[in-house]
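Source: prediction; values computed, not measured. We count residues from 1, following the sequence as given.
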Amino acid sequence: MTSQLVQSVDWLTIAPPVLTAAVALAVLVADLFLPPERKRLLGWTAIGGLTAALALLVPLRAGDRSTFCLTPDTRVTACSYTADHFTLVVQLLVLGGALLTALLSLDETRERLPAGEYWFLLLSSAAGAALLPASRDLATLVVALEVASLPAFALVGLKRGDRMSGEAALKFFLSSVTATAVTLLGASFVYATTGTLHLTEIAQRLDDVPGQFQTLAEAGVALTLVGFAFKTAAVPFHFWVPDTYVGAPLPVAAYLSVVGKAVGFTGLILVTVVAFPSYADVWGPALAVLAALTMTAGNVAALRQSSTRAWSAVRLLAWSSVAQAGYLLVPVAAAAYSGNDQVGATVAYALMYAVVNLGAFAVVALVARVRPRNRIEDHRGLYAASPAAALALAFFLLNLAGLPPGIIGLFAKVTVFSAAVDAGLGWLAVVMALNVVIALYYYLRWTALLFRTPEGAPGEALEDAPEGAREGGVALRRPSAPITLAIALTTAAGAVLSGYPQFALRFAANSLF
C-alpha cells in the first residue's frame, strides 16, 4: 500500500515544460532590475528558453517515458505524465509556435507592450500548453488547460488604454471561464462514477458503471466534451474568436490561432479517444455534426469579409481558423467509427496549419507596420513593394486553400477527407468537399490582390513609409530581423513539408499512443 503512494519522478521527461516555466519566472524577476533600454534582452532570453525547451525533446524522441506513476513499474500502472510520440509531436507544435510568436513579438514589446509582463505571460501559457499533451489524468489535464488559458486572457488585453483590446479580453475570459466550469462539472461527474482520475482507468471503469450511475456518467461525458468544444472554437461555441483576434496584439492572435487551438484539440483527443472510447457511439456522431457546422460557419463568414473593412485581414484569418477547426474535428469524429489511427490525420493537419497560419500572420504583421488597420485591401500590390513577402503570403494562403504549390496543404486535406471516407462518414466528406470549394474563393481573392497593379489605398496616408516609396499600394519599411526570420522559418518549413509531405504524414501517423 505504501509503495502505491510514492510517485516516481523522471526529471528529463518533464524538462520541456519545466524549463519553459523556469525561464518565465526568470524573465519576471529580471524585469524588476533591468533598465528600460535593456528590456529587449528579456525577449531574447525568452527565445533562448523556448529554443532550449525544443532541444530537450530530442532525448525523448523514443516516446517511451512516463513519470508521476503510482508504482515504479510504469508498464503496469497509470501515470499522470507520459512522453509518448503523441506528446512529443504536440509539444513540438506548441513550443515551435510559441517560438515563432516570440520572434513576431520583439518589435511589439519594444514599441507598444510592457516587455516583462508580456514575456512572462507568453512563456507561462506555453508551459501549460506543453504540459497538456502529456497529461494522462483529469486533474493534470484541467490544470494544464488553465495554465495555458489564464495568461492568454491577459495577453489579449495587454494593450493598455485600447477599448477593443479590453473588450476582446473580456469576451475571451467569459467564454473560457464558462468552458472551464462546464469541463470541471463533467470531470467531477466522471470521477464520481468511476472513482479514478487516470484516463486509462476511466476507460476501463466506464465499461462497467452500475445502472444507477449510468445517467450521471453520460452527463459527465457530455459536459466534458462541451467544455472542450468551447476551447476548440467549434460551433456554436465560436462567437468569441473574431473579436478576440481583432482586439489582441497581432502576435497574440497568431499564438491563439495555432497554440490555443492545439491545446483545445489535444484535450479533446485525450478525453474522447483515451478516456471515453466506450461512449464512442455518443461523441462520434456529435463531433461529426460539430465538424460540419464549424467548417461551414467559418467559411461562410470568411467569404463575407469586405476587403476594405478595417481589420478585415485579421477577421478573415479568424474565421478561417474556425473553418480549419471543423476540418480538424473530422478525424477525431472518424476515430469513433474506425479506430484511433484516424486521429493521426488531425495531428498531420495541425502541423501543416501551424506552419502556414503563423507565416500568414507574420506577413500581415509586416504590412501592419505601415497599414495598422489590417485591411485585406492594404495588401494590394504587395508584390511590387516586396516580392519576397508577397510570394511567401501567397504560398501560405494557397497551402490553407489546399492548392499547389502548397502540396502539404493538399495532402493534409486529402488525409482528413480519407479519414471521413474510411470511417463511413460519406456525408461529412461531401460537406468538407463543398467547404473546400467555398474557401478557395476567399483565399484566391486575397492571393490575386497581392499581384495587382498598386493603387492608392483608401483613406490612409503612409506617414511611416520610407522616403522615395512609390505612390499607392503597399510601401513597406525595412522589415526587422525577427519578423524576417519568422517569415523565413515558416516559408522554409512549408517548402520542406511540401517537397516531402510524407514526412509529416508518417510522423503524425505514428504519433498516437
Side-chain angles (χ1 to χ4, degrees), residues 4-5 7-9 13-14 17 66-71 74 77-84 86-87 90-91 94 127-150 176-210 213-232 234 237 260 262-280 282-283 286-287 332 335-336 340 343 512-513:
Q4 293 181 350
L5 299 177
Q7 293 187 337
S8 62
V9 180
T13 303
I14 64 175
S66 298
T67 189
F68 294 109
C69 304
L70 295 180
T71 65
T74 62
T77 187
C79 298
S80 295
Y81 189 106
T82 299
D84 54 16
F86 174 76
T87 298
V90 179
Q91 286 183 339
V94 299
L131 172 62
L132 192 138
S135 304
R136 293 298 184 272
D137 68 58
L138 286 177
T140 308
L141 189 65
V142 171
V143 168
L145 188 65
E146 289 312 295
V147 172
S149 300
L150 289 174
S176 292
V177 166
T178 302
T180 300
V182 173
T183 303
L184 286 172
L185 183 60
S188 66
F189 286 175
V190 171
Y191 176 70
T193 54
T194 61
T196 182
L197 291 173
H198 289 93
L199 302 183
T200 52
E201 293 186 354
I202 288 173
Q204 296 171 5
R205 299 186 188 184
L206 280 178
D207 285 332
D208 191 27
V209 174
F213 294 136
Q214 191 65 41
T215 302
L216 188 64
E218 292 173 354
V221 171
L223 289 172
T224 304
L225 293 179
V226 168
F228 280 102
F230 268 98
K231 298 294 184 181
T232 59
F237 314 114
V263 165
F265 274 96
T266 300
L268 185 65
I269 290 170
L270 289 174
V271 296
T272 53
V273 176
V274 181
F276 304 150
S278 57
Y279 283 81
V282 176
W283 55 260
L287 292 182
V332 185
N340 296 357
V343 181
L512 195 61
F513 319 118

- Task: Kindly indicate whether the side chain of Tyr191, heavy atoms from C-beta on, has any atom under 4.5 Å from the side chain of Thr196.
- Result: no
- Message: For a side-chain contact (heavy atoms from CB on, under 4.5 Å) check, start with the C-alpha distance between Ile14 and Phe68, then their side-chain angles and the critical distance, and finish with the verdict.
- Response: CA-CA 10 Å; Ile14 64 175; Phe68 294 109; 3.9 Å; yes
- Sort out for me which residue in Leu216, Val271, Ile202, Leu185 forms a side chain to side chain contact (heavy atoms under 4.5 Å, CB included) with Val190. Ile202
- Between Thr87 (side chain) and Pro133 (backbone), is there a donor-acceptor pair under 3.5 Å? yes
- Where do Thr266 and Phe86 land on the side-chain contact (heavy atoms from CB on, under 4.5 Å) test, with the steps shown first? CA-CA 9 Å; Thr266 300; Phe86 174 76; 3.9 Å; yes
- Atom OG1 of Thr224 and atom CG of Leu270: how far apart are they, to the nearest 0.5 Å? 12.5 Å
- Message: Let me confirm one number: the CZ-CG distance from Phe276 to Leu199, rounded to the nearest 0.5 Å.
- Response: 8.0 Å
- In short, Lys231 meets Thr180 closest at the heavy-atom pair NZ-OG1, 3.7 Å
- Check for a donor-acceptor pair, side chain of Ser135 on one end and backbone N or O of Leu132 on the other, with a separation under 3.5 Å. yes
- Note on the structure: Closest non-hydrogen contact found for Pro277 with Ala275 is CD-C, 3.1 Å
- Task: Looking only at non-hydrogen atoms, find the nearest pair between Ser80 and His198 and report the distance.
- Result: OG-NE2, 3.5 Å
- Message: Minimum heavy-atom separation for Ala219 and Phe189, please, with both atom names.
- Response: CB-CD1, 4.0 Å
- Item | Approximate separation, where rounding is to 0.5 Å, of Leu268 CG and Phe230 CZ | 14.0 Å
- Is there a side-chain contact between Leu141 and Phe228 (heavy atoms, below 4.5 Å)? yes
- Query: Do Thr194 and Glu201 get their side chains close enough for a donor-acceptor pair, meaning under 3.5 Å?
  - Reply: no
- Message: Between Val147 and Leu131, does the side-chain contact (heavy atoms from CB on, under 4.5 Å) criterion hold? Intermediate values first, please.
- Response: CA-CA 9 Å; Val147 172; Leu131 172 62; 5.8 Å; no
- Message: Nearest 0.5 angstrom please: Asp208 CG to Ser278 OG, how far?
- Response: 10.5 Å
- Kindly indicate whether the side chain of Phe237, heavy atoms from C-beta on, has any atom under 4.5 Å from the side chain of Thr178. no
- Of all the heavy-atom pairs spanning Thr82 and Cys79, show the shortest one and how long it is. OG1-CB, 4.3 Å
- Query: For Val282 and Glu218, what are the C-alpha separation, side-chain angles and deciding distance, and is it a side-chain contact (heavy atoms from CB on, under 4.5 Å)?
  - Reply: CA-CA 9 Å; Val282 176; Glu218 292 173 354; over 6 Å; no
- To the nearest 0.5 angstrom, please state how far the OG atom of Ser188 sits from the CG atom of Leu138. 10.0 Å
- Item | Shortest non-hydrogen contact between Ala129 and Val263, atoms and distance | CB-CG2, 3.5 Å
- Task: Measure the spacing between CG of Leu206 and OG1 of Thr193 and express it to the nearest 0.5 Å.
- Result: 5.5 Å
- Message: Between Thr140 (side chain only) and Arg136 (backbone N and O only), is there a donor and an acceptor less than 3.5 Å apart?
- Response: no
